[in-house]
Amino acid sequence: MMAKVTLRNLAAHKLRLVLTAVSVVLGVAMVAGTFIFTDTMSRQFDDLFNSIGKGVAVDVRGKQIVDGMDATGAPVRPPVPAAVLDRLRTVEGVKNPIGNVTGYAALIGKDGKAAATVGPPQLGVNWVETGGSSDFKLISGRAPAGPAEAAVDESTLERAGYKVGDQAKILLQGPTHSVTIVGVIETPNLMGATVTAFDTATAQRLLLKPGFFSDISMDTTGVSQEVLRDRVAQVLPAGMEAITGKQLVEEGKSDIEGFLTFFRTLLLVFGLIAVFVGAFIIFNTFSMLVAQRTRELALLRAIGASRRQVTRAVLGEAFAVGVVGSTLGLAAGYGIATLLNGAINTSDEGGLVFTATPVIWSYVVGVTITVVAAYFPARRAAKTPPVAAMREEVRPAQRTLRLRVIIGTVMTVGGAAAVFGGLASGTLELLGVGAFLVFLGVTMLAPVISQPVIRLLGAVFPRLFGTPGRLARENALRNPRRTASTASALMIGLALVSGINVVQASAVSSIGQSIDKQFGADYILMSETQMPFSPEAFKAVSQAPGVERATALYMGQINVEGKALGVQSGDTAGLVAGGRMQVVSGSTQLGKDGILVSEDVAKARKWTVGSPVAAQFADGARQQLRVAGIYARNDLLGGAPVLPLETYLAHTAQPLAVLGLIDVANADTATRQGVERALAQFPNLQLQNQAELKETFQKQLDQLVVLLTILLAMSIIIAVIGVVNTLALSVIERTREIGLLRAVGTSRRQLRRMIRLESVVIAVFGTLLGVVLGVAFGAAIQNGLADSGLQVLSIPVPTLAVYVVLGGVVGVLAALWPAWRAGRMDVLKAIATE
């Protein structure tokens with residue numbers, strides 16, 4: 001019998017439950033879409049590495065002596081001498097050994113810009129007929145031969161507008177290189193990467209170093225990979241290692257899996273935020289449905305239904321909503337994954353990967369959240385006394401808020417402590433738990449907070465709008481729990497967005513302050529592609545009229561006490577002047593064995609001026625260094641130790657600069673134009689003064705804020721749907737009251753205005769709560785990261801004020817349909833409603 005009751009209730013309340021299901025759909029869609037998309041990327045990368053690994057039984061490469069990454073993000077490895085190739089040809093079991101060269105190369109389009117700059121890798125390789133880059137098949141034309149020829153992948157040529165026979169320029173980490181495009185190559189699915197192939201000698205000269213390879217790969221004549229690896233290892237010189245093809249593939253897969261895990265976690269966090277917001281809507285909806293059906297539920301109790309049966313009936317409705325919402329959310333997630341897959345230009349070969357994982361998680365998340373959110377209203381329904389069915393009018397008892405205040409206060413204080421603890425220790429999990437507890441705590445306190453705030457917000461309503469304004473304010477105050485729950489859903493998304501804006505504004509102010517204090521040069525030189533570049537650029541700049549000094553900043557890694565330590569290098573005088581480095585003790589005269597360390601590094605390692613430092617370089621060489629000086633914290637150049645330039649260059653196979661500091665005699669327009677002309681062969685480099693550098697950082701942070709706001713948009717949309725749902729159910733709940741208002745002379749226009757004003761005051765309350773909480777979160781993060789460079793707290797008041805205004809607009813839009821429906825009610829039927 002109770003099953004029939006559940007089904008009939010679902011049929012009777014279709015519209016109300018559809019709105020509830022929408023919040024489930026949106027939250028589940030993000031979860032499902034994340035799993036489908038990342039599973040698809042994982043399969044595509046697996047296919048890529050498997051295809052590249054075909055024909056590679058053993059790979060020879062330089063040993064990674066320093067456990068770190070170079071300026072390009074690749075492991076620090078010495079190149080393989082070409083002489084090793086001749087040795088390998090004599091090893092029994094080796095088949096077709098091929099020297100491979102890999103580096104950075106990007107085709108410059110006809111518009112003068114690189115066909116792709118930031119994002120997928122821009123690969124330069126050497127073309128060989130078999131093995132190595134035989135993964136790239138020639139579609140048309142011929143293979144490159146000679147220093148002025150290149151072959152380019154098909155999709156890149158199409159984007160750049162070139163064809164076989166055209167003259168083009170290739171962007172390298174050095175100057176641009178002019179070539180004739182002689183061939184078009186087909187590549188495996190490289191996830192949007194571009195490929196430019198040269199003959200081997202040219203590739204070595206342009207991408208690596210003459211007479212060296214990045215690695216040497218080979219096939220086997222029949223022996224196992226492990227046996228061949230051991231044979232090859234016996235003939236290798238010191239500093240080289242041999243690995244099996246299987247290990248090479250697994251390393252690539254492991255690196256990608258680490259990235260995908262982070263990416264999946266990031267997207268899932270925002271998906272779960274949306275689901276969390278949806279839980280408020282579900283709780284609100286079922287609370288109102290139970291309140292509206294008090295007499296119906298009492299009748300069920302009166303005719304013999306037990307409390308457990310009534311609870312099961314309400315939870316059955318929630319289960320059905322969860323199943324429907326999860327199913328639709330899974331379908332929507334597939335659509336989201338399709339859009340994401342297309343957005344990054346990945347191959348659609350084989351379609352999306354659809355495994356059991358997104359299906360299971362979609363239903364687990366959607367159904368569980370829905371049932372759990374409906375549990376407390378279901379329990380409340382079961383406690384309805386049978387005698388309530390005989391009453392003329394049944395109103396649910398208003399419980400005291402004392403317990404909520406106690407629990408909410410404890411959770412808020414505990415959550416705030418966890419947030420500060422997470423920031424202090426750098427533990428993201430503790431930070432997340434703390435934020436979650438703060439949200440729950442403030443939600444528990446919201447009914448108490450709502451009453452004075454809504455009275456204040458609605459104080460002007462009676463004066464401006466008369467009786468409809470007064471009624472709107474009283475309606476919002478009538479049920480503080482419902483108002484608070486509706487506003488809390490909006491609060492969560494806006495709190496996160498506001499917090500992000502506070503952190504962004506603080507970062508902009510902190511960076512600006514650091515640049516003002518520490519930017520001592522006239523210009524800074526950086527790459528638009530975010531890649532390191534050749535020091536050849538500084539030779540060109542130093543010859544420009546008016547340039548007094550051009551200092552390159554290099555980055556690298558050394559081993560100290562068995563652990564990798566990031567270092568920087570360059571002309572010491574230029575770095576000290578251009579970065580306004582303040583030496584607090586010792587000297588900047590480094591000689592060949594001195595290093596300049598920051599106060600933080602010196603304190604952490606207990607170094608003082610004169611302390612010995614046993615260093616091992618990436619090429620395996622060891623040298624005893626000494627601390628020559630200690631400098632104060634410097635956010636512009638970072639806190640890495642400064643090596644003597646001569647020492648750094650002696651142990652670096654291919655020195656690449658990460659930025660440059662340019663000093664000129666007169667920073668006028670003519671001088672700048674002269675410097676820019678000198679950089680004509682380096683179109684990937686941009687020259688910026690102090691103000692432009694600030695603007696660049698602000699644009700980058702603005703883009704990050706926009707991205708995060710888009711990811712949080714789903715939770716805000718769900719919250720808006722919650723306002724619509726609450727108002728719609730509130731209109732149904734107050735049908736008789738609305739009929740009476742109409743009967744005593746309230747016009748439809750006044751009635752609609754009352755609904756709109758009620759919606760506005762709830763939305764603005766939720767927005768204010770979110771903004772205040774977001775400012776608190778932002779201030780806490782700034783305080784926790786003050787020692788990491790986020791020294792200035794800046795609150796973007798105009799932006800936050802816009803959010804409050806938008807909250808009011810959301811309230812107006814959310815009330816359009818409920819207000820329209822209320823205005824169309826038949827007066828007599830509304831009065832007769834029980």
Side-chain angles (χ1 to χ4, degrees), residues 1-29 31-32 274-332 359-386 388-389 394 396-397 481-482 485-486 489 718 721-722 724-726 728-730 732-733 834:
M1 181 188 73
M2 295 305 295
K4 291 182 179 180
V5 170
T6 300
L7 292 175
R8 287 177 179 175
N9 281 326
L10 286 170
H13 306 116
K14 291 188 292 291
L15 184 59
R16 313 176 198 182
L17 295 176
V18 163
L19 288 173
T20 306
V22 169
S23 61
V24 181
V25 170
L26 295 177
V28 169
V31 174
V275 172
F276 180 51
V277 172
F280 285 88
I281 312 308
I282 297 164
F283 174 82
N284 236 17
T285 301
F286 278 92
S287 294
M288 297 180 75
L289 288 176
V290 167
Q292 292 171 19
R293 291 158 48 194
T294 302
R295 177 172 290 184
E296 172 193 328
L297 297 172
L299 282 171
L300 288 174
R301 292 293 313 283
I303 62 176
S306 66
R307 287 188 174 185
R308 180 175 295 182
Q309 286 177 312
V310 172
T311 301
R312 286 177 178 175
V314 177
L315 290 180
E317 296 178 31
F319 179 81
V321 171
V323 169
V324 173
S326 298
T327 303
L328 296 175
L330 183 60
V359 177
I360 293 171
W361 278 107
S362 294
Y363 284 102
V364 167
V365 171
V367 174
T368 301
I369 290 295
T370 307
V371 172
V372 169
Y375 175 71
F376 293 102
R379 280 190 60 194
R380 199 177 308 141
K383 294 179 179 179
T384 305
V394 181
R481 287 182 175 83
R482 179 191 305 164
S485 181
T486 305
I718 292 173
I721 292 173
V724 176
N725 206 5
T726 300
L729 291 172
S730 178
I732 297 171
E733 186 181 67
E834 295 185 2

Distance-minimising heavy-atom pair for [X] and [Y]:
X      : Y      : result
Ala32  : Gly329 : CB-O, 4.2 Å
Val275 : Val28  : CG2-N, 4.2 Å
Ala279 : Ala373 : O-CB, 3.6 Å
Ala374 : Pro377 : O-CD, 3.3 Å

According to side-chain contact (heavy atoms from CB on, under 4.5 Å), who are the partners of Val323, at least two apart in sequence or on a separate chain?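 With sequence neighbours excluded, Val323 shows a side-chain contact (heavy atoms from CB on, under 4.5 Å) to Phe319, Thr327, Tyr363, Val367, given in chain and number order.
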Taking side-chain contact (heavy atoms from CB on, under 4.5 Å) as the test, write out the residues that go with Ala489, two or more places apart.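 Residues passing side-chain contact (heavy atoms from CB on, under 4.5 Å) with Ala489: Val277, Phe280, Ile281, Ala719.
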Could you grab the distance from atom CG of Leu328 to atom OG of Ser362, nearest 0.5 Å is fine?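 Leu328 atom CG to Ser362 atom OG measures 11.5 Å (nearest 0.5 Å).
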From Ile369 CD1 over to Phe283 CZ, what is the distance, rounded to the nearest 0.5 angstrom?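 So the CD1 of Ile369 and the CZ of Phe283 are separated by 14.0 Å.
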Could you go step by step and tell me if Ile721 and Leu26 meet the side chain to side chain contact (heavy atoms under 4.5 Å, CB included) rule? CA-CA 11 Å; Ile721 292 173; Leu26 295 177; 3.8 Å; yes
Side chain to side chain contact (heavy atoms under 4.5 Å, CB included) assessment of Val24 paired with Ser326: CA-CA 7 Å; Val24 181; Ser326 298; 4.3 Å; yes
